[in-house]
Number of protein chains: 2
Amino acid sequence: MLDKEAGKAAGAAQPAGQKRALRQPSIKDIARLARVSHPTVSRALQNSPLVNAQTAAKIRKIADEAGYRASAVARGLVTRRTRTIGLVVTTVADPFASEVVCGVEETANDHGYSVFLADSNADPVREKKVVQAFAERRVDGIIVTSSRVGALYLPLLAEMMVPIMLVNDQYPGAFVHSVMISNFEGMRAASEHLVGLGHRRIAYLGDKFGYASDTERVAGYRAALDAAGIPAMPELIVHGDGKPEAAMTAIEKLLTLADPPTAVCCYNDMSALGAMRQIRARGLRVPEDISVAGFDDLFFASYTQPPLTTVRQPMRRMGQLAMENLIKLMSGEESVEQIKVDAELIVRESTTMRS
Amino acid sequence: MLDKEAGKAAGAAQPAGQKRALRQPSIKDIARLARVSHPTVSRALQNSPLVNAQTAAKIRKIADEAGYRASAVARGLVTRRTRTIGLVVTTVADPFASEVVCGVEETANDHGYSVFLADSNADPVREKKVVQAFAERRVDGIIVTSSRVGALYLPLLAEMMVPIMLVNDQYPGAFVHSVMISNFEGMRAASEHLVGLGHRRIAYLGDKFGYASDTERVAGYRAALDAAGIPAMPELIVHGDGKPEAAMTAIEKLLTLADPPTAVCCYNDMSALGAMRQIRARGLRVPEDISVAGFDDLFFASYTQPPLTTVRQPMRRMGQLAMENLIKLMSGEESVEQIKVDAELIVRESTTMRS
DNA sequence: TTGTAGGCGTTATCAT
DNA sequence: ATGATAACGCCTACAA
């Protein structure tokens, strides 16, 4: 009977011989069916106390049977709020990003927000297009993850006059809100762990030079070594790009050293994946010949062989935090400028005592 | 000067002492600035040939300087098309889904569509909420990946009267369009590969019983064994849930058999991950003691130890195909009902000759 | 408690 | 080639 009613309602306002699919019922259709005015329908559906309980119930019943769904686009036009946010990621096909997306989406949904997702592919042109699309869609706020071109398009975002939240931004600016991980403390913990296992020649396999997260992590690494009285060894610091392939090339430089490291801290788990593979390719063993530590604790970290010692980022939680605080900002409340989240060292089997 | 102009335009239509951020300039603001009517602005910005080239240029310049962005919500209201689609995934925190999302998003963006992303978490309640949100947002179409509750809410979708594309749906229905992988042929190829290596006791570690993809894959497995004259061995067929943890439990049943298998075909790479871990936990080696094959070819498949033999699904391409065909459907064109994509066996090192 | 009127920012349909 | 005017579907006054 649901279909029948829906058909009637839509059909009623529909001229004969329509090409495209039947229109969805509008608030006026419901009003006609319920023999009231459309504002009354509007009130009834919003549970306004200003409407008679009985008529409200009747209206809700009729609306339900007709399959009526208030148009968020019409509502957005008049209220000037779309209850929509834009989420920019470099690529969802990256486990870190997808976890963040999950957290954002979940929280958004719970609060009646819908999420526009857009990949930038770290391409500035595309990123600009994406933000323009968000502007035209009149999103109420924006979340950007791991942006590597932040500085480039931040003015564009500002122009839109909506709140912006950054998650692990690579170029922290002064005027925006962000959720950041304790890069320094996290990598320091991993490095201290290796120092504690007796390692002295500890390498760092980083991300591209110059990114904030890499800079902070390398600083944490240095701090741990300094504290242990281990002098700087520039030849033990190499750079990948956060992905396995580049890590394979990068670690090769370490393995071919006259005096190779006995342990390596990787910028992230993806790099560790490549590093471990290349180490094995050279006939070496993890952790007997070389200990490997990662960062992120992606889902596969406990399934690598050996299971990966790493620094956990609560990625989903970070997404949730970003969204929760964006909601505050969107409702005009103030929110802390920078939310810092703790990283946690997870010791597994890819690290062991220096042999 | 950009900011100045924008401020002027917005300020002009703004009463003094506003609480919320300044309004974005509207088409009327631009019309006023350009001393033309707003329909002319509309035409100019759409590159309509009906407007004088010079005035068009002037209008575009002014609009640009004012930072004007036409409101997609207002446009959507009048055109009755939002150029928006809804994408439902069980969870983006699954590498398969995120690759599909990537493909969809990319293609959507290239065609001027924006994507609403929603996780269902395989929760029917949530899935229903999500679809209702899409209905209210007046999306032009919907894509659903790997749905496990399809049958439950498909009527709901139909009610919305927009085209729907399913990607690897678990309950293929007659009335919807879909992109599917060759489950049967793919798993048959993997099984044939194992048969070719001399294996006779080949197990199948599946997904939850009853899902279409699992049913098809197990059929492919059986077909390969049948062709080789290997009799059915019901004790060699076990079920996980497509995730590593459940696979660990499931494969345990195989390993504790009096006569354990020498090879196992896994429903997907995530299952293979758990299987390999549990095999090692029991002190057995892959592939020397037992060969393992996966399905999907997720990014980590070439980084497992040993690298995983698997059946590749062109996940991103499948997302693109889904979106491309949805676009056709949305413009009223017809499109094939079911798009079938070929799977490809990728032989790596997790499978070897029976010892 | 309910109805009437107006407007949100566009595009579409007429005129001119 | 351009302008006036009317939708689109909803919400928010204000009037009754």
Side-chain angles (χ1 to χ4, degrees), chain A residues 9-10 12-15 18 20 23-59 63 66-83 135-138 140, chain B residues 9-10 12-15 18 20 22-59 63 66-84 135-138 140:
Chain A
Q14 200 66 14
Q18 197 70 4
R20 209 160 139 54
R23 229 192 53 212
Q24 296 194 20
S26 85
I27 196 168
K28 288 188 183 170
D29 296 321
I30 306 304
R32 205 171 303 130
L33 253 36
R35 302 179 185 289
V36 293
S37 67
H38 49 267
T40 302
V41 175
S42 174
R43 287 186 276 256
L45 265 28
Q46 287 173 70
N47 299 315
S48 161
L50 293 169
V51 61
N52 179 291
Q54 291 193 16
T55 52
K58 188 181 79 178
I59 289 170
Y68 172 70
R69 302 260 168 258
S71 162
V73 5
R75 178 183 299 136
L77 189 56
V78 42
T79 62
R80 305 167 137 293
R81 307 192 72 235
T82 54
R83 295 191 78 78
E136 297 189 355
R137 299 292 179 192
R138 297 294 192 264
D140 293 339
Chain B
Q14 199 67 13
Q18 197 70 5
R20 209 163 139 52
L22 286 180
R23 230 193 52 212
Q24 296 193 21
S26 84
I27 196 169
K28 289 187 181 170
D29 295 320
I30 305 305
R32 205 170 302 129
L33 254 37
R35 302 178 187 289
V36 292
S37 66
H38 56 270
T40 301
V41 175
S42 175
R43 287 186 277 256
L45 263 30
Q46 288 175 70
N47 300 315
S48 161
L50 294 168
V51 59
N52 179 290
Q54 291 192 18
T55 51
K58 189 180 77 179
I59 290 171
Y68 171 72
R69 302 257 169 262
S71 162
V73 6
R75 178 184 298 135
L77 188 57
V78 41
T79 62
R80 306 167 137 291
R81 308 193 72 235
T82 54
R83 296 190 78 78
T84 271
E136 297 188 354
R137 301 284 179 200
R138 298 293 192 265
D140 294 339

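Worth knowing before you read on, the calculation uses all heavy atoms, side chains too, and leaves out hydrogens, waters and symmetry mates. A note on names: the letters A, B, ... follow the listed sequences, proteins ahead of strands, and every chain is numbered from 1.
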For A:V41 and A:K28: C-alpha separation, side-chain torsions, deciding distance, then whether side-chain contact (heavy atoms from CB on, under 4.5 Å) applies.
CA-CA 8 Å; A:V41 175; A:K28 288 188 183 170; over 6 Å; no

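- Here C:dG9 presents its C1' atom at 8 Å from CZ of A:R138, a figure rounded to the nearest Å.
- At distances below 3.5 Å, not a single donor-acceptor pair connects side-chain atoms of B:T40 with backbone N or O atoms of B:V36.
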Kindly determine whether A:R83 and B:E136 satisfy side-chain contact (heavy atoms from CB on, under 4.5 Å), including the steps that lead there.
CA-CA 12 Å; A:R83 295 191 78 78; B:E136 297 188 354; over 6 Å; no

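- Two end axes, each from the C1' atoms of five base pairs, can be drawn for the helix from C:dT1-D:dA16 to C:dT16-D:dA1; they diverge by 40°, to 10 degrees.
- What separates CG of A:L77 from P of C:dG9 is a distance of 7 Å, to the nearest Å.
- Residues passing the side-chain contact (heavy atoms from CB on, under 4.5 Å) test with B:T82, sequence neighbours excluded: A:V73, B:T84, B:R138, B:D140.
- For the pair A:L45 CG and D:dT12 C1', the computed distance is 16 Å after rounding to whole Å.
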What protein N or O atoms touch nucleotides 2-6 of chain D N or O atoms at under 3.5 angstrom, if any, and at what distances?
from, atom 1, to, atom 2, distance (Å)
D:dT2, OP2, B:N52, N, 2.8
D:dT2, OP2, B:T55, OG1, 3.3
D:dG3, OP2, B:S37, N, 2.9
D:dG3, OP2, B:S37, OG, 2.9
D:dG3, OP2, B:T40, OG1, 2.7
D:dG3, N7, B:R43, NH2, 2.8
D:dG3, O6, B:R43, NH1, 3.4

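- Atom CD of B:E136 is separated from atom C1' of D:dC10 by 12 Å (rounded to the nearest Å).
- Remark: A:S71 pairs with no residue by the side-chain hydrogen bond (donor to acceptor under 3.5 Å, both in side chains) rule, at least two apart or across chains.
- Between C:dT10 and B:R80, no contact under 4.0 Å exists linking OP1 or OP2 to a side-chain N or O.
- Nucleotide C:dA12 holds its C1' atom 12 Å from the CD1 atom of B:I27, rounded to whole Å.
- A:L45 has its side chain within reach of A:Y68: a pair of non-hydrogen atoms, C-beta onward, lies under 4.5 Å apart.
- Counting non-hydrogen atoms under 4.0 angstrom, A:A70 reaches the backbone sugars and phosphates but no base.
- Across the protein-nucleic acid pair, B:I30 atom CD1 and C:dT10 atom P stand 9 Å apart, rounded to whole Å.
- Residues A:A66 and A:I30 share a closest heavy-atom pair of CB-CD1, 3.8 Å.
- In this model, the phosphate group of C:dT10 is not approached by any side-chain N or O of B:S71 to a distance below 4.0 Å at OP1 or OP2.
- Rounded to an integer number of Å, the gap from CG of B:D29 to P of C:dC8 is 11 Å.
- Atom CD in A:Q46 sits about 10 Å away from atom C1' in D:dT12, given to the nearest Å.
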Could you go step by step and tell me if B:H38 and B:R32 meet the side-chain contact (heavy atoms from CB on, under 4.5 Å) rule?
CA-CA 8 Å; B:H38 56 270; B:R32 205 170 302 129; over 6 Å; no

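- Pairs of residues two or more places apart, or lying in two chains, that qualify as side-chain hydrogen bond (donor to acceptor under 3.5 Å, both in side chains) and include a residue from residues 45-54 of chain B are B:S42-B:Q46, B:N47-B:R60.
- Of the side-chain N and O atoms in B:R23, one or more sit less than 4.0 angstrom from OP1 or OP2 of C:dG9.
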